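In this text the structure is predicted, and so the values were computed from the model without any measurement. All ligand and atom numbering here is 1-based and tracks the order in the structure.
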Amino acid sequence: MVTKRTRLRPLNIGIACFGSYGGSGVIATELGKALARVGHRVHFLSPQLPFRLQQAELIENLYYHEIEAYSYDVFPAPMLGLDLASHIAKVMRLEDLDIVHAHYIVPHAIAAALGRLVTNNTRVKLITTVHGTDVTLVGKTTSFYELSQWALEQSDSVTAVSKWLADHAEKNFALENPPRVIYNFVDCARFRPGPRRLPRECFAAKEQKILLHVSNFRPVKRVRDVVGTFNIVRKSVPSKLLLIGDGPERPHAEELANRLRIQDDVRFLGKYPNIEDFYSLADVLILTSEYESFGMAALEAMASGIPVVGTSGSGLNEVVRHGKTGFLCSVGDINAFAEAVLTIFENHELAASMGRAARLRAQRFFSERKIVREYLALYHELLGFYNEAPLEQPTAGWAID
Ligand code: GMT
């Protein structure tokens with residue numbers, strides 16, 4: 001097929017994403033910032049200023065469109081998705097968008113598809129990146145299934161953050177074509193091994209190891225397994241558990257720590273924006289999730305040179321290499337998690353070599369430069385700006401164990 005050649009020019013890109021804490025919003029924001037830095041005009045559409053934008057340097061080509069949910073007495077609840085669709089339509093028209101990139105199906109991909117429908121604009125291309133529970137949970141509910149499936153069908157391209165998630169999306173929504181896998185990325189300059197950026201003595205004694213957990217404390221994260229694992233670990237190696245983030249499971253995890261009488265060695269530190277500071281202190285990151293489509297915390301830890309102990313059987317298998325950059329254990333098996341953590345804590349050489357391998361893997365497969373280029377190649381391909389062969393799909397074997 002011969003594709004019309006069009007001279008490359010800066011693109012006008014709309015990004016619809018969540019602004020609060022969470023991996024999908026982080027990736028969307030970092031992608032937008034990276035695109036703006038190389039000259040594209042990027043319009044964020046979100047109800048809250050994405051938190052990674054709050055910390056951003058001023059970038060000339062970045063715009064933020066706040067989506068305010070209109071409320072009216074007879075509305076039973078605000079209808080944010082509709083406000084978003086309307087704003088997307090407006091920005092599409094006024095800013096002459098080339099691309100609308102929705103991160104997470106509900107409500108972003110649905111609103112983007114609706115926005116394009118009302119503008120009757122067939123030139124603008126819609127890309128949906130599925131991130132996780134939009135496929136495995138929310139999009140499957142009767143509330144959202146039909147609209148989610150429709151939004152994916154309307155998208156000119158659907159991408160998934162892992163092969164595992166691409167398979168689930170294809171199956172759950174009976175997609176004609178499997179989503180293209182474009183992995184998440186990390187800024188390897190920000191997340192890097194190196195000098196401690198916080199005083200370690202404030203968190204642990206000299207002889208103690210530090211086990212770190214980072215999440216949004218939702219049930220899928222199984223944070224109580226983190227506490228249960230630590231309870232076993234600390235009996236063999238003096239250590240502290242630091243937990244960063246907040247969410248509905250936090251009180252249950254705190255209660256468990258109290259019940260096990262280990263609360264003095266477990267610190268719940270809440271939300272913290274400069275998370276790289278904590279990776280610079282940690283000896284191991286632990287993620288005990290029921291599943292992760294990807295696991296951003298694992299990648300950030302790896303880039304920081306920290307081995308990861310996580311669960312096997314989902315997207316983490318594509319991020320962490322079992323036995324090389326950490327260990328993967330069955331969901332819920334806290335004895336296996338503890339053994340894995342202790343193996344790393346007790347073997348300095350192994351810990352160091354895993355940390356080095358983790359850093360190299362993050363740089364090689366998940367660097368910002370590599371992945372942003374993959375997204376840009378996709379944009380160009382959809383707009384007919386390229387007539388080169390599309391980038392190859394990663395196949396089992398290069399990022400997947
Ligand atoms: O899908 C979610 O639960 C929310 C989402 C988020 O915004 O944090 O998390 C998912 O997307 C992240 C970014 O792509 C992934 O790193 C997480 O693994 C994924 N969460 C799950 O699959 C549970």
Side-chain angles (χ1 to χ4, degrees), residues 15-32 44 46-48 50-52 101-109 127-141 144 148 152 158-169 172-173 179-187 191 213-223 225-226 244-249 271 273 275 285-303 308 310-320 328 331 362 365-366 368 371-372 374-375 399:
I15 294 184
C17 65
F18 294 118
S20 54
Y21 286 78
S24 67
V26 166
I27 286 299
T29 313
E30 295 297 343
L31 173 63
F44 283 99
S46 172
Q48 285 159 287
F51 82 96
R52 285 273 179 105
H101 191 161
H103 289 262
Y104 210 86
I105 305 173
V106 184
H108 305 123
I127 296 167
T128 298
T129 294
V130 293
H131 278 274
T133 47
D134 46 353
V135 167
T136 57
L137 201 71
V138 185
K140 275 169 70 178
T141 58
F144 293 118
S148 296
L152 295 179
V158 178
T159 77
V161 299
S162 62
K163 174 84 172 68
W164 179 86
L165 187 63
D167 291 345
H168 278 264
N172 289 357
F173 297 107
R180 176 186 293 216
V181 177
I182 300 186
Y183 286 116
N184 286 336
F185 59 89
V186 65
D187 176 351
F191 293 88
H213 174 76
V214 178
S215 79
N216 49 18
F217 286 67
R218 280 171 307 140
V220 70
K221 303 289 175 178
R222 297 181 63 103
V223 184
D225 285 357
V226 173
I244 313 285
D246 211 339
E249 278 295 301
K271 288 180 181 170
I275 188 70
L285 177 91
I286 181 163
L287 269 187
T288 54
S289 314
E290 190 182 329
Y291 61 85
E292 285 290 344
S293 65
F294 185 88
M296 273 307 289
L299 179 58
E300 290 171 349
M302 284 167 58
V308 175
T311 38
S312 56
S314 59
L316 273 178
N317 285 56
E318 294 165 60
V319 182
V320 177
L328 297 172
V331 178
F365 294 116
F366 307 107
E368 180 176 299
I371 302 296
V372 171
E374 290 185 20
Y375 277 118

> Can a salt bridge be assigned to the pair E30 and R52 using a cut-off of 4.0 Å between side-chain N and carboxylate O?
Replying inline: yes

>> side-chain contact (heavy atoms from CB on, under 4.5 Å), that's the test. Do T159 and V181 meet it? Break it down for me.
In response: CA-CA 6 Å; T159 77; V181 177; over 6 Å; no

> Taking only residues two or more places apart in sequence, or in another chain, which ones meet F294 in a ring pair (Phe, Tyr, Trp, His ring centres under 6.0 Å)?
Replying inline: F366

> Quick one: ring pair (Phe, Tyr, Trp, His ring centres under 6.0 Å) partners of H108, sequence neighbours excluded?
Replying inline: F18

>> Classify the ring geometry of H168 against W164: parallel below 30°, tilted from 30° to 60°, perpendicular beyond 60°.
In response: tilted

> For ligand 1, what is the set of protein residues having any non-hydrogen atom at a distance below 4.0 Å?
Replying inline: G22, G23, S24, Y104, H131, G132, T133, V161, N184, R218, Y291, E292, S293, F294, G295, M296

>> My understanding is that only residues two or more places apart in sequence, or in another chain, count here; which of them pass salt bridge (charged side-chain N to carboxylate O under 4.0 Å, His left out) with D246?
In response: R250

